[in-house]
Each structure stands twice: as C-alpha cells, then as structure tokens.
2 protein chains.
Amino acid sequence: MRNLNVAMIGFGNAARAFAGILAEKHEVIKKTMGCDVNVVAITTGSRGSLVCQEGIDLKEACRQIEEEGSFNKGSSQYSKLTSMEVIDTVDYDVMLELTPLQIFTGQPAIDHLKCAMKRGKHAITANKGPIAWAYDELKELAKKQGVCFYYETTVMDGTPIFNLVEDTLKFCKVTEVSGILNTTTNFVLEELAKGIPYDEVMEEGRRRGFVEADPSMDMEGWDAAAKTTALLNVLMGANITPKDIDRKGIEDITEENIKEAANRGCCIKLFCRGVIEDGKVVGTVKPIEVPMDELIAHIDGTSSAVSITTDLMGKLTIVEHNPELLQTGYGVFSDLIRVIANSK
Amino acid sequence: MRNLNVAMIGFGNAARAFAGILAEKHEVIKKTMGCDVNVVAITTGSRGSLVCQEGIDLKEACRQIEEEGSFNKGSSQYSKLTSMEVIDTVDYDVMLELTPLQIFTGQPAIDHLKCAMKRGKHAITANKGPIAWAYDELKELAKKQGVCFYYETTVMDGTPIFNLVEDTLKFCKVTEVSGILNTTTNFVLEELAKGIPYDEVMEEGRRRGFVEADPSMDMEGWDAAAKTTALLNVLMGANITPKDIDRKGIEDITEENIKEAANRGCCIKLFCRGVIEDGKVVGTVKPIEVPMDELIAHIDGTSSAVSITTDLMGKLTIVEHNPELLQTGYGVFSDLIRVIANSK
C-alpha cells in the first residue's frame, strides 16, 4: 500500500467540500488505487492550523470550523506554524493551494506553489490567481522538478475543461475559446432583464451568496478576465496576464440597454473569448448582445459554459448547470486523483 | 521504437477521414509517443481489400476508392480475403470495426470484435451496434483477454462522452443521462417548425446527406434508441438492448403539433433519457415539448447534446456543434491514441 500525504493551505467552504469527498472516498481509493491518502496539515488565515503526521480527522476538522469557528487550540494537533512555514517544513507529498484569490497579484498563492514544487512536492491549485499571473513560470518549474501541477478547479469548478482537452482531445490544436464564465454578472443581467430594479438584484445576489460585499471585481469583468487568461494560458499557450485582456464589465449596462436588446430578440451576456490574430492569442471580455435562438443565451442562473474549437473536433461546448460547493470540492478531488494516477 | 499494426474493417467516409488524420499525425505520434503506427489491412464490403505487412499508403488507398471506386486489383497489396478472414489470420495489434450499422442485430460487427479479442488483439468500434446489443459480453471478453476495447465514436462522433466520464469524472456515479442524439429527426423537426412542408424537408435532408434513402430507422427512433442504449450500458451499467427502450419516433408528429407547441412557447425535440427507477435503469426515447428558454431547445441543425448527471458533479452538458466527417474520424483516432497510451 502506497501512502500519499496532503497539505491543505486554506480551509474555506470549497476546501471543506473537498475534505468531505476525500473522507467519503478514502477507503475506495485505497481499494481501487492502492493508495492511502491522508491530510497531514491544514492551515487557515485566522482560524489556526493543524499538523498531524498520522493523518487529520477531516470530519472533526470541518466540525470545529463550522461549529466553533476555529480549530481547537487545546488539541495536540494544533499548530502555530504559518501557511508558508507548513509548506516549507512539513513532510507531505501534495500541496493544495486553497487560499482566497488576490486578483491583481495572484499572491501569496504563487509563492506557496513555488515553495512546494521547489521542495519536489506535487501541487494543486483551486486558486486561479497563479494560473492567470504566473502559469508559464509555474509549469516550467513543475516540469523541471518532475512533479504534477494541476488546476482544474480554477475555471468552472470541477467541470472538466483543462482535463477535457488534455485527456480526451489529444493531438487537437485549440484555435478558439469562448464562454460565459462569471456567475455574478450572468445572474445580474438575467434578473435585470426580468425588470427587477438594480438594487433589489444586488441584494438578492448577496443573500444567495454569489454577489460579493464589494461586487466590483465581478461587475468590472476582472474575475472573467482572470478566468479567460487562465483558459488562454493553458489551452492556447498565450503567456498573458489579466491586464492583457481587452476588458469591459457590465457596470455601465442600463435597464434601457437590456430592453433595447430584448426588442431586437437578444439578451446581453458578459462574453469571454480568445482567438488567434496575426499569430497571437487575443483575449476579450465584454458585454455583447446574443440572439435568443443561440445556445449561450440560455446559460442562465449560476450556470457557466465554455466552448472550445479545435482543428480536428470543431466546436464543442461544455455547460455546468447551477453548481454548488460540492462541485468545487470535486475539482480539487479530481486533481488529487490525477496526482495518484500520474505519480509514482 | 514500438510498432503498432492496425487492421481497418470497413473503409467508408468516416474510415477515410480517420485514415487522413492518421496519415497526417503519423510522424508526431512516433516522435511524442515513441510508436510507429501502420495500417496493415483494409477491408471493404464490395471494393476489395488490401493487406501489406509493411504498411499501406493511406493517402493512396483513399485516392483509389474516391477516384476509381475500388482498390486496384493489379496491386500486389490487393487481397481476396474476406473481412472475417483478415480479422482471423492477418498479423495486427488493433482491429478497427468500421462496417455499416445493422441496427437490429449489431452483426457482423459483434463477431468481428469477438474474433479479434479472442486472438488477443485490441479492438475499437465506431459501429454502435455492438455496444447496443452485446456490450457486457464484449467488455467481459476484453477484460478476460487483457485487451483494450474502446467505442467513443458510437455516440456523437469524437465528442468525449465515454472518455469524459472515464478519464475526467473519476469516482462519480452517473445517476441520469439525457440528450438530443439523432441528427435527422432534429433537422426534420426544426425545418417543419419553420413552416417548410414535410416532403421538401426530406428532400433537402437527403440532398445534404443526413436523411437516409429509407429514413424510417431515424424517424421511428431506432437510431436514437441504439445510442441511448449504448450510453446506458456503458455509463450506467444497464445491460439492455434497444428493444428495452420505451421508444416513440416522430413519424406521427404533424405540422399542427409543432404549431401548437410553438403557441405554448415550446419546440418539439426527440428526447433521449435514462434514469434509475426502483434500482433499475429505464431508458426512453420520445418527442417532447421543450420550453424555448431551455438550453436543449437550441440544439439545432446537425448538433447534438448529452447531459450527464452524477452524484459529485451535478449536471454537465456537452454539445457537439454541426459536426462533419472529420469529427467521426477523430473519434476513431482518439481511441487509437488511447490504445497506444494504455497498452504495452
């Protein structure tokens, strides 16, 4: 039986959804893949950390955070090590970067990934910052160190996008990528189209958890630009950052604009796209009018879609329907399964 | 350098599209996968066969069929062996079953696959008959013989469906499958909805090549039932045949029905679905009214879609937009690449 030790850097909602899946599938992974996976460290920003080389009880760790708000300081597993100290010193095989996104720098997630990979550890990130800001450098480092580096969760949760292309579209060259990638703006545009006033839409979105306290990163298209950058860096070798995306958010879209579009048989969507122009990958994020008879006009609620065009398989679209936290957790889990399958 | 010899049973349009891709990618497969893939036999129903242990020139083989209508009888590679004799006696590693579908039996494709696998050869089928009529038996045989058995092309050409679930949704349990799987009926319903008379629709469909001379297999839902069976056998372990599908075609749908649906804000689609009822997989194919604000109302032209619901990833939909022959060829090619990757 092979052992694989995991360090979780960050323990928010998605991380705990992952922990739930791992706890549930621990035995079947042992049985079918011959691998005993244990989480040996969990760090948080302000809720303490746990380190235990024999393996942390994931259900108990989730319970402490959810019921007590932080890890139990009296426990022998409680640790005062910072995230970086854990990454740099604890004995683990795979580091999971699950910290909150810093959209304009990708830090400290980039440094976390570098530190782990420099130690020869496999790395998984659910945080899109590193893929948007430092993909080529990190990919190169992973290659040099001979470690796995996976990031499926960074766009559309656990929906296979990167793995779809890598595992199932082999020898296909991606010539165009497009999609509806930001849930908040998609929700806002849809509700406005129903005639609900802007303030009510934002309040409802906040209540349901997909409009942030400060919605500007979503409304101004930065989140969509970061996801578009991640897609173009990985699938089209763009080597760009979100600043290179020709970006326009929906902050100036009025109820009047939406009504006019409807009169033309269209809705407005924040559309992300990358194409090759003069041999160079060019990315755009902007609100466009989409005729109601087109598929992407009907990516509604919190659903998302990515279309991938390749030389050999034409255009395929994959849609994630109204995901919940479990789907984000599964993205990290599926990357971990790939590490088990692809490493020795 | 490893060698992999391929026998192609059938050399129709899709088979030749595959041959074109393989010829184009031969060198890059050698370089990146260390495998020299050669086609050593090609059989046809009535256009002769070729056998050449050193490898057949695929471009020349395509040229002979396309320009001369049959293989050149004067060639030293020309063979009078039947398909079954080739499968049973020629020295190859992978057999590609590319013969036309016999929708009510799956034969002789099933026997071709059995013969090859009994000889310890890997097998790929683009023919959905065997997956609809004998999947469990063939899968068992492949397992017993320790050979690869792949069939991605049988539903939605090279669009990753089976590989999507197997490679990228590991440890997910499929709880429901649904989709729009038959191009002919989808086209017919859409054109009728535009007000074009039935006879004109069928003529246009025949001209464009996706309405058969005898369209009954499509119109009565048999093709959709065979595809649904394939999906349910592979993804949900149904162990059924097309006869077990609760099937209703569109042959009785009138222009009046379509108008009435439109008045209710709906279109009519031939909808395929499989769910678990009382622990048993139940498959249906029938025309249903789909509200125009739903995604699948907009799977138009010759596009297809499959939605897959799993316990861990919720509902995902994958759409193939207006495929051409290349996409069918790519399905076979992608299975061959999997054989190279997964066999020694």
Side-chain angles (χ1 to χ4, degrees), chain A residues 17 20-22 24-25 28-29 32-33 152 156-172 267 291-300 303 305 307 309-324 326-327 329-331 333-334 336-338 340-341, chain B residues 17 20-22 24-25 28-29 32-33 152 156-172 267 291-300 303 305 307 309-324 326-327 329-331 333-334 336-338 340-341:
Chain A
I21 298 172
L22 182 60
E24 191 193 316
K25 300 293 178 189
V28 68
I29 295 170
T32 58
M33 302 186 83
E152 185 62 83
M156 276 168 69
D157 310 304
T159 306
I161 304 284
F162 301 125
N163 295 342
L164 180 85
V165 173
E166 184 161 332
D167 290 342
T168 73
L169 295 175
K170 285 191 209 289
F171 293 98
C172 289
C267 65
M292 292 307 289
D293 59 0
E294 283 191 20
L295 194 90
I296 62 155
H298 304 278
I299 303 300
D300 50 18
S303 300
S307 298
T309 305
T310 65
D311 54 349
L312 298 177
M313 264 308 294
K315 183 175 165 185
L316 299 177
T317 299
I318 188 157
V319 181
E320 181 185 35
H321 299 266
N322 297 308
E324 306 192 359
L326 186 67
Q327 275 82 318
Y330 179 75
F333 177 77
S334 75
L336 183 62
I337 295 300
R338 294 185 88 213
I340 299 172
Chain B
I21 297 172
L22 181 59
E24 191 193 317
K25 299 294 179 188
V28 68
I29 295 169
T32 59
M33 303 185 81
E152 185 62 82
M156 275 169 69
D157 310 303
T159 306
I161 305 284
F162 301 124
N163 296 341
L164 180 86
V165 174
E166 183 161 333
D167 290 342
T168 73
L169 295 175
K170 285 189 208 292
F171 293 98
C172 289
C267 65
M292 291 307 288
D293 59 0
E294 283 190 21
L295 195 91
I296 62 156
H298 304 278
I299 304 299
D300 51 18
S303 300
S307 297
T309 305
T310 65
D311 55 349
L312 298 177
M313 264 309 293
K315 182 174 165 186
L316 299 177
T317 299
I318 188 157
V319 181
E320 181 184 37
H321 299 266
N322 296 307
E324 305 192 1
L326 186 67
Q327 275 82 318
Y330 179 76
F333 177 78
S334 75
L336 183 63
I337 295 299
R338 292 185 88 213
I340 299 172

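Reminder, nothing fancy here: chain letters follow the sequence lines and each chain counts from 1.
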### Atom pair CG (Asp293(A)) and NE2 (His298(B)), whose distance is rounded to the nearest 0.5 Å
7.5 Å
### Task
Name the option with the most non-hydrogen atom pairs under 4.5 Å to chain A; the candidates are Asp167(B), Val28(B), Leu312(B).
Leu312(B)
### Query
Among Ile29(B), Thr309(B), Thr310(B), which has the most heavy-atom pairs under 4.5 Å with chain A?
Ile29(B)
## Note on the structure
Answer key: most heavy-atom pairs under 4.5 Å with chain B among Asn163(A), Asn322(A), Leu316(A) is Leu316(A)
### Residue pairs fulfilling salt bridge (charged side-chain N to carboxylate O under 4.0 Å, His left out) with at least one residue in residues 310-324 of chain B, sequence neighbours excluded
none
### Query
With Asp300(B), which residues qualify under salt bridge (charged side-chain N to carboxylate O under 4.0 Å, His left out), at least two apart?
none
## Note on the structure
On a heavy-atom basis, the closest approach of Phe333(A) and Lys170(B) is CE2-O, 4.3 Å
### Task
Locate the shortest heavy-atom distance separating Thr159(A) from Met313(B); write the atom from each residue and the value.
N-CE, 3.3 Å
### Query
So which part of Tyr330(A) gets closer than 4.5 Å to some heavy atom of chain B, the side chain, the backbone, both or neither?
side chain
### chain A interface, residue from Ile21(B), Thr32(B), Leu169(B), Ile296(B) that has the most non-hydrogen pairs under 4.5 Å
Leu169(B)
### Query
What part of Leu295(A) gets closer than 4.5 Å to chain B, counting heavy atoms only: side chain, backbone, both or neither?
both
### Query
So, for Thr168(A) and Thr168(B), which heavy atoms are closest and what is the spacing to 0.1 Å?
CG2-CG2, 4.3 Å
### Query
At a heavy-atom separation under 4.5 Å, does Lys25(B) approach chain A through its side chain, its backbone, both, or neither?
side chain
